[in-house]
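Report on the structure given below.
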Amino acid sequence: MDKENLRKNWNGLGEDAVSGMLEWRQQHPKATFREIEQEVDERLAVMRARMLSDAAVSSSSAEWMIDGRVPVCPNCGVELQKKGKKKRKMQTRGGQEVELEREYGVCPRCGQGIFPPG
Ligand SMILES: [Zn+2]
């Protein structure tokens with residue numbers, strides 16, 4: 001995803017969070033500070049997870065080569081064999097699960113599967 005598409009997606013996420021929160025506030029005029037806080041946190045956690053996953057896969061580190069070099073196994077120092085893209089599930093600190101599609105490599109010596117750069 002390029003920068004302009006990311007910007008559009010993220011602006012959209014922000015708008016969803018804001019309009020959702022405004023609507024919720026209208027429906028819950030007597031909400032306590034804690035309830036409001038929890039609602040804000042939940043909406044931001046969704047946005048946060050999407051931004052994290054978008055940013056992670058769009059960065060150059062999602063590519064196979066690192067600084068123009070084939071990544072190596074951290075245990076053996078042997079060049080990894082590229083095995084194509086695989087999905088990797090990650091937990092955010094906000095408790096959301098995000099799925100990243102990253103290049104996946106296997107060490108020919110110890111057989112360990114790795115998502116470079118880690
Ligand atoms: Zn190895």
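Start at 1 and go down the list; that is how both ligands and their atoms are numbered.
- Within the structure, no pair that satisfies the salt bridge (charged side-chain N to carboxylate O under 4.0 Å, His left out) test touches residues 23-32, not counting sequence neighbours.
- Heavy-atom contacts from other residues, nucleotides or ligands closer than 6.0 Å to CD of E97 number more than 12.
- Through ILVMFWY side-chain contacts below 4.5 Å, V46 is grouped with nothing and stands alone.
- For the Zn ion (ligand 1), the neighbouring protein N/O/S atoms at less than 2.8 Å, given as residue and atom, are C73 SG, C76 SG, C107 SG, C110 SG.
- Q38 is linked by a side chain to side chain contact (heavy atoms under 4.5 Å, CB included) to E42, counting only residues two or more places apart in sequence or in another chain.
- K8 and E4 are not joined by a salt bridge, as no carboxylate oxygen comes within less than 4.0 angstrom of a charged side-chain nitrogen.
- Here the side chains of T92 and V98 are in contact, with some heavy-atom distance below 4.5 Å.
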